[in-house]
Amino acid sequence: MGAYNPQKIEPKWQKFWEKNRQLCEVEEKSKKPKFYCLSMFPYPSGEGLHVGHVESYTATDIYARTKRMQGFNVLFPMGWDAFGLPAENYAIKIKTHPADSTKKSIFKFKNQIKSLGLSYDWSREINSSDEEYYKWTQWFFLLLYKRGLAYKKKAKANWCPHCQTTLANEQVVNGRCERCETEVFQKNLDQWFFRITKYADSLLEDLNLVDWPENLKEIQRNWIGRSQGMEIVFDLKKIRKTDEKFLDNSKFNNLEIALALKKYPTVAKIKVFTTRPDTLSGSTFMVLAPDGIATKKLEKYISNKSQLKAYQLSATKKNELQRTEFNRDKSGIALQGLVAVNPINGKPISLWAADYVMGDYGSGAIMAVPAHDSRDFEFAFRHNLPIERVIYQEERSLAFLNLSFIQNPKEVITELKKFNLYSLLLDDKGFKVELYKSSSSLPYGLIVEMKNEQEVTEYINLIQAQLKKIFWSEIVGGKYWQFVFSEKVLKDNSEENLAEIQKKLKKALKVLKRRKSFDPRTALLEKAIRRKFFFSDYVGWTIPAGLFRDYVCYAGKKGRLFNSTFLDGMSVEKGWQSMADWLVERNLGRRVKNYHLRDWLVSRQRYWGAPIPMIYCEKCGLVPVPEKDLPVRLPAKVDFVPTGESPLKNLKSFSKTTCPKCGGEAERETDTMDTFVCSSWYFFRYCDPKNEKEFASQERIRRLMPVNLYIGGVEHAVLHLLYSRFFTKVLQEAGYVDFSEPFLKVRNQGIILGPDHNKMSKSKGNVINPDEIVNKLGADTLRIYEMFMGPLEEMKPWDTKGISGARRFLEKIWQLQEKVQKEAPDFEDRMSTKDSQDDLKAKKLLHQTIQKVSRDIENLAFNTAISQMMILINAWKNLVKISVIDFEFFLKILAPFAPHLVEEIWQNLEHKKSIFEEEWPRPIEEFLKNKDVLVAVQINGKKRGTITLPVEISENEVRETVLNLPPLKKFLEGKLIRRWVYIPGKIINLVVN
RNA sequence: GCCGUGGUGGCGAAAUUGGUAGACGCGCUAGGCUUAGGACCUAGUGUUAUUUUGAUAACUUGGGAGUUCGAGUCUCCCCCACGGCACCA
């Protein structure tokens with residue numbers, strides 16, 4: 001038998017499987033149920049395989065092998081995502097043609113994959129850069145074009161200066177190129193797009209049909225970003241300069257203003273998108289994106305055009321990064337000459353242009369509700385605009401209690417607790433009354449939260465009695481702003497005093513404004529100054545900004561509306577609908593949806609990709625290449641060093657062609673397609689990889705699709721996985737397939753970190769090379785270890801020492817061969833009572849293991865499957881002999897995990913055929929049952945011992961046994977048994993005292 | 001900020017419907033084998049306290065409350081980590 005030598009046996013079995021291809025291939029005509037098991041096809045990089053590949057490939061391999069043994073007709077293919085930028089950049093780096101370097105990389109990759117013993121069906125291997133493949137990629141382009149889903153548009157596109165090409169939105173991460181992290185900027189270009197937005201709703205809703213990880217679904221939902229809201233139409237009035245005073249809310253009452261506005265004719269209308277029509281009454285101004293359509297449309301009415309132009313210019317200079325990250329100062333300018341009218345209350349709404357509103361979302365204009373939207377709030381604060389609250393929290397009233405206003409803080413706190421007023425302390429130390437005496441600058445006060453009117457009343461009674469003489473507390477229903485007044489301030493209404501206080505407040509405001517971060521208290525102070533509505537200068541200072549802002553800007557579900565005419569008293573949800581109905585009835589608005597998802601930009605100005613099959617003819621315009629002329633071949637002899645334009649552009653032999661319609665001179669489109677177009681349909685090709693007439697025959701698609709299990713990385717969440725779903729929906733609509741989702745079950749393998757718990761990277765020197773592991777310890781060890789590390793989907797670090805445990809496990813199994821009793825006793829014998837106790841135990845454990853391993857594989861819980869097999873092996877190791885039948889049972893469940901080792905042992909047991917032709921074992925019920933169970937005994941919920949009880953025992957018998965248990969005597973002596981809980985097979989709990 | 005996922009020994013992690021927390025592996029400790037080291041084998045290993053050395057008790061699943069005979073698991077509040085979206089109205 002010799003020692004376990006994976007270096008010798010692994011290549012042997014790999015060759016065997018290659019020769020016996022039927023072991024891995026899907027059967028053409030089969031009555032078995034099909035199972036399509038897939039891992040994402042790799043981009044064959046020059047660097048070769050990494051441990052993350054091994055993780056997902058091993059997981060799918062174990063699953064595929066198991067499914068085959070369980071009688072499924074399994075499709076388990078592999079191929080190469082060979083087109084694309086990285087391959088091209090690598091080729092440029094090593095100064096070869098990408099076709100050659102890719103070929104080499106694939107060769108290397110394939111050898112590495114083969115050394116892992118993966119049971120791929122290599123007869124279905126595909127390569128997206130092969131003519132026979134990209135012919136169909138081009139066919140898909142034409143399909144989309146014919147269906148009006150591919151269009152060319154001059155538009156702002158993401159441009160990566162380093163990669164010298166345009167990028168899809170999905171390939172821009174935080175304003176940077178997904179690949180090289182160069183800052184992306186906007187360039188006006190004529191580009192091809194796929195109309196993925198047409199499918200936004202079904203892409204969103206069909207997520208409910210599939211079994212995908214929740215976070216993955218969530219990423220896609222976020223990306224699609226649907227928000228339901230309303231488009232509301234506002235009348236715009238041209239107003240004379242002299243009448244602009246009417247816009248000042250503080251001087252005129254609402255009726256006056258409304259009447260004044262009526263005089264003016266409506267000169268234009270403006271549409272805005274909002275998700276909160278219920279807050280319409282609180283809208284006090286309107287903001288237009290400086291570069292939006294709305295602004296352009298209204299330009300002619302605006303009297304300060306030059307100021308607008310200047311602002312537009314400064315806004316366009318800022319790139320995306322500056323707009324979002326560095327420019328939160330809410331710049332903007334007022335647009336003069338026009339005023340909008342709030343349709344619900346006739347109040348004037350001033351118009352502003354500001355770059356915090358996006359031109360390409362909704363209509364590029366918003367109704368600002370500063371009291372209930374933090375961005376509008378900031379803008380209103382910055383530009384001194386009115387803030388009108390229309391929502392209060394019905395279940396929550398908040399008061400701030402400055403302890404220095406209180407005569408006896410300790411007593412008040414105790415009282416507050418007694419009244420069950422939930423008090424949130426600003427700081428732990430705030431409870432300590434000493435602090436208020438100290439000169440520490442820490443806040444010393446309480447935020448008191450009241451849940452209902454009764455509590456508010458209790459609070460008022462309590463606090464007013466406790467306040468120091470000069471203070472008065474004015475509380476604080478959900479509707480009110482103010483907190484504590486100084487009586488002194490209120491009583492002394494003399495001009496001097498007011499001026500004095502105004503000065504103080506202004507100074508305070510200045511200090512606040514100087515701070516870098518925005519502080520909502522500033523708005524309070526502003527309002528106080530403007531309205532001569534005074535607060536004690538203490539108050540604003542000691543309220544935590546975040547809490548206060550949440551309170552004021554509250555817009556949540558528990559809110560009720562006020563100051564909102566007919567919506568008053570309604571919940572926000574009801575108000576939403578009522579307002580929507582009201583607006584729809586009067587033709588002032590309609591319910592609409594908006595999306596974050598944009599159309600997919602597919603043009604690339606690079607060489608290594610599938611050419612876009614379109615022709616430009618002087619006479620006929622845009623003409624698609626006829627299907628019979630496909631593929632449009634990618635010429636081999638091209639100088640492909642990137643220049644910012646397609647390298648094919650100056651290659652006359654490529655670009656010059658004749659028009660398929662009129663036969664006249666014409667030019668080809670020279671851009672190539674985004675490589676994600678190639679990968680959006682590859683899983684269809686596996687079904688029928690050699691088909692020359694179709695991308696795959698409908699019959700085969702019907703037989704093999706959709707993919708039942710798909711394993712790959714999350715990084716493709718809004719790229720490959722989204723695009724593939726889009727393609728599938730197009731195919732469904734075009735009648736090629738009869739399902740809407742390509743991947744029924746998706747799982748993401750977790751990232752494997754380096755031994756130092758950091759992400760593996762060359763620069764950190766913590767990269768584990770799977771080749772080295774295979775050479776040193778064997779592929780089976782690597783497979784077992786990676787599967788044993790932890791749950792498939794979790795991120796987990798590599799443990800250099802931990803892998804020896806996997807090897808040891810396999811060694812132990814190898815050693816076990818010596819104990820196998822070759823001459824098998826027949827079944828009757830095995831079931832006979834002659835079996836020793838040990839033997840019976842071993843069998844029981846075996847069948848439990850079969851049960852658990854089968855279940856765990858189904859759940860992709862490979863780590864626990866392996867641990868269960870380890871338990872079995874540790875027990876068997878102590879046996880003198882093992883029956884060959886039992887051992888073979890075990891080998892079958894181990895086979896998917898360590899296929900080489902198992903095949904070798906199987907052969908040693910004098911089997912001629914592969915173990916993978918065997919059927920997956922079922923546990924024998926007889927051995928899963930137990931006569932006795934171990935039950936824990938608790939007294940008052942604490943474990944005090946265990947007891948072995950027969951399964952078939954009456955509760956009374958149990959009770960008798962337990963009460964006479966010697967170790968329990970001391971806990972029960974002199975005690976009364978109040979309660980007796982017996983859960984058969986699990987636990988006994990005695991409640992005594 | 002909004003949304004999602006998660007938080008259990010020295011480390012990776014187990015734990016069906018609420019029912020003996022820490023399986024399995026690594027590491028560590030002691031012993032055996034060995035010239036030595038490795039490899040291998042045997043036993044032990046959550047923390048703390050007491051201890052007559054046999055053990056006994058208390059504590060323990062991010063923190064706090066609650067439901068229950070019983071909570072890692074259920075409910076509420078809070079904290080932290082990772083991931084997604086983000087002036088998206």
Side-chain angles (χ1 to χ4, degrees), chain A residues 173-174 213-227 229 272-276 279 283 287 289 323-325 327-330 354-358 360-369 372-376 378-379 422 424 546 549-550 553 594-596 714 717-718 748 750-751 755 757 784-785 788-791 793-806 808-809 811 852 855 861 863-871 873-874 877 934-947 978-992:
Chain A
V173 179
N174 292 329
E214 192 48 44
N215 64 322
L216 184 57
K217 288 187 181 183
E218 200 55 31
I219 291 170
Q220 290 210 352
R221 283 190 201 114
N222 280 341
W223 189 257
I224 295 163
R226 180 166 80 184
S227 50
V272 301
F273 175 71
T274 179
T275 54
R276 295 301 300 268
T279 61
S283 177
V287 186
R323 263 181 84 143
T324 54
E325 277 174 37
N327 186 35
R328 287 187 172 263
D329 66 348
K330 295 281 184 296
D355 64 0
Y356 84 91
V357 172
M358 308 285 99
D360 59 355
Y361 188 78
S363 58
I366 62 154
M367 60 173 230
V369 184
H372 302 291
D373 179 285
S374 54
R375 294 153 309 187
D376 297 343
E378 285 167 33
F379 190 81
Y422 172 53
L424 266 168
R549 179 209 196 122
D550 286 352
C553 278
N594 249 307
Y595 302 88
H596 169 257
V714 240
V718 292
N748 302 121
I751 298 170
H757 288 59
I784 292 279
Y785 176 62
F788 183 64
M789 285 169 83
E793 305 201 61
E794 225 98 300
M795 186 188 282
K796 42 209 175 279
W798 187 274
D799 183 352
T800 322
K801 284 183 178 153
I803 192 163
S804 59
R808 238 170 264 158
F809 169 59
E811 294 270 6
K852 178 153 176 64
R855 202 163 50 201
N863 53 333
T864 49
I866 293 169
S867 94
Q868 180 63 36
M869 290 192 279
M870 285 173 168
I871 292 169
I873 292 308
N874 288 344
K877 214 175 49 177
L934 196 65
V935 173
V937 183
Q938 294 183 338
I939 289 169
N940 288 341
K942 275 185 186 141
K943 188 184 149 196
R944 296 297 179 191
T946 56
I947 179 174
R978 297 242 171 237
R979 193 163 172 172
W980 160 264
V981 180
Y982 171 55
I983 311 294
K986 299 240 158 120
I987 208 153
I988 294 155
N989 192 9
L990 299 171
V991 183
V992 303

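Letters A, B, ... mirror the listed sequences (proteins, then strands); counts begin at 1.
Using atom C1' as the reference point in both A81(B) and G70(B), the two lie 31 Å apart (nearest Å). Of the P atoms belonging to G64(B) and G25(B), the separation is 33 Å, rounded to the nearest Å. Using C1' as the reference atom, A65(B) and U42(B) are 49 Å apart when rounded to the nearest Å. If you take atom C1' in U75(B) and the same atom in G18(B), they sit 13 Å apart, rounded to whole Å. A gap of 16 Å separates the P atoms of A13(B) and C26(B), to the nearest Å. G32(B) and G38(B) have their P atoms separated by 15 Å, given to the nearest Å. Separation of the C1' atoms belonging to U8(B) and A14(B) is 10 Å when rounded to the nearest angstrom. Between the C1' atoms of G10(B) and G46(B), the separation comes to 10 Å (whole Å).
Put simply, the side chain of D376(A) gets close to the backbone of V369(A): a donor and an acceptor are under 3.5 Å apart. Side-chain N or O atoms of S283(A) include one that pairs as donor or acceptor with a backbone N or O of A368(A) at under 3.5 Å. Listed for the N989(A) side chain is a donor-acceptor partner under 3.5 Å among the backbone atoms of G941(A).
Rounded to whole Å, atom P of U5(B) lies 6 Å from atom CD of E214(A). If you measure from atom CD of E793(A) to atom P of G83(B), you get 17 Å, rounded to the nearest angstrom. Atom NE2 in H596(A) sits about 7 Å away from atom C1' in C85(B), given to the nearest Å. At whole-Å resolution of the value, CD1 in I219(A) and P in A86(B) are 12 Å apart. Per the geometry, NZ belonging to K877(A) stands 11 Å off C1' belonging to C40(B), to the nearest Å. One can place CD1 of I987(A) at 13 Å from C1' of U68(B), the figure rounded to the nearest angstrom. Distance H757(A) NE2 to C11(B) P: 9 Å, rounded to the nearest Å. With rounding to whole Å, E794(A) atom CD is found 18 Å from G4(B) atom P.
Counting heavy atoms from C-beta on, the side chains of V991(A) and N940(A) come closer than 4.5 Å. Between M795(A) and I751(A) there is a side-chain heavy-atom pair separated by less than 4.5 Å. Within the 4.5 Å cutoff, no side-chain heavy atoms of V981(A) are placed close to those of Q938(A). The side-chain heavy atoms of Y356(A) and I366(A), taken from C-beta on, include a pair separated by under 4.5 Å.
Using a 4.0 Å heavy-atom criterion, one finds that V981(A) contacts the bases of the nucleic acid, with or without backbone contacts as well. Within 4.0 Å (heavy atoms only), W223(A) reaches sugar-phosphate atoms of the nucleic acid but no base atom. Here T946(A) lies in heavy-atom contact (under 4.0 Å) with a base. The residue I983(A) sits close to a base: some heavy atom pair falls under 4.0 Å. Backbone-only contact: M795(A) has heavy atoms under 4.0 Å from sugar-phosphate atoms and none from a base. Within 4.0 Å (heavy atoms only), K852(A) reaches no atom of the nucleic acid at all. Residue P213(A) is classed as having no contact, given no heavy-atom separation below 4.0 Å to the nucleic acid.
Between the side chain of N989(A) and the base of C69(B) there is at least one donor-acceptor pair of N/O atoms closer than 3.5 Å.
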List, with names and distances, any nitrogen or oxygen atoms from the protein found under 3.5 Å away from nitrogen or oxygen atoms belonging to nucleotides 16-18 of chain B.
| unit_1 | atom_1 | unit_2 | atom_2 | d |
| --- | --- | --- | --- | --- |
| U17(B) | O4 | K986(A) | NZ | 2.0 |

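Residue K942(A) places none of its side-chain N or O atoms closer than 4.0 Å to OP1 or OP2 of C69(B). When the side-chain nitrogen and oxygen atoms of Y361(A) are compared with OP1 and OP2 of A89(B), one or more of them lie within a distance under 4.0 Å.
Using a 4.0 Å cut-off between charged side-chain N and carboxylate O, R808(A) and E811(A) make no salt bridge.
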Letter per nucleotide, 5' to 3', of nucleotides 21-27 of chain B [B base touched, S only sugar-phosphate touched, - untouched; heavy atoms, 4.0 Å]: --BBSSS

Paired and unpaired positions of RNA chain B as dot-bracket, Watson-Crick or G-U wobble under 3.5 Å, | denoting a partner strand: (((((((..(((......[....)))((((((.......))))))(((((....)))))..(((((..]....))))))))))))....

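Heavy atoms only, all atoms of each residue included: N222(A) and H596(A) are closest at O-ND1, 4.2 Å.
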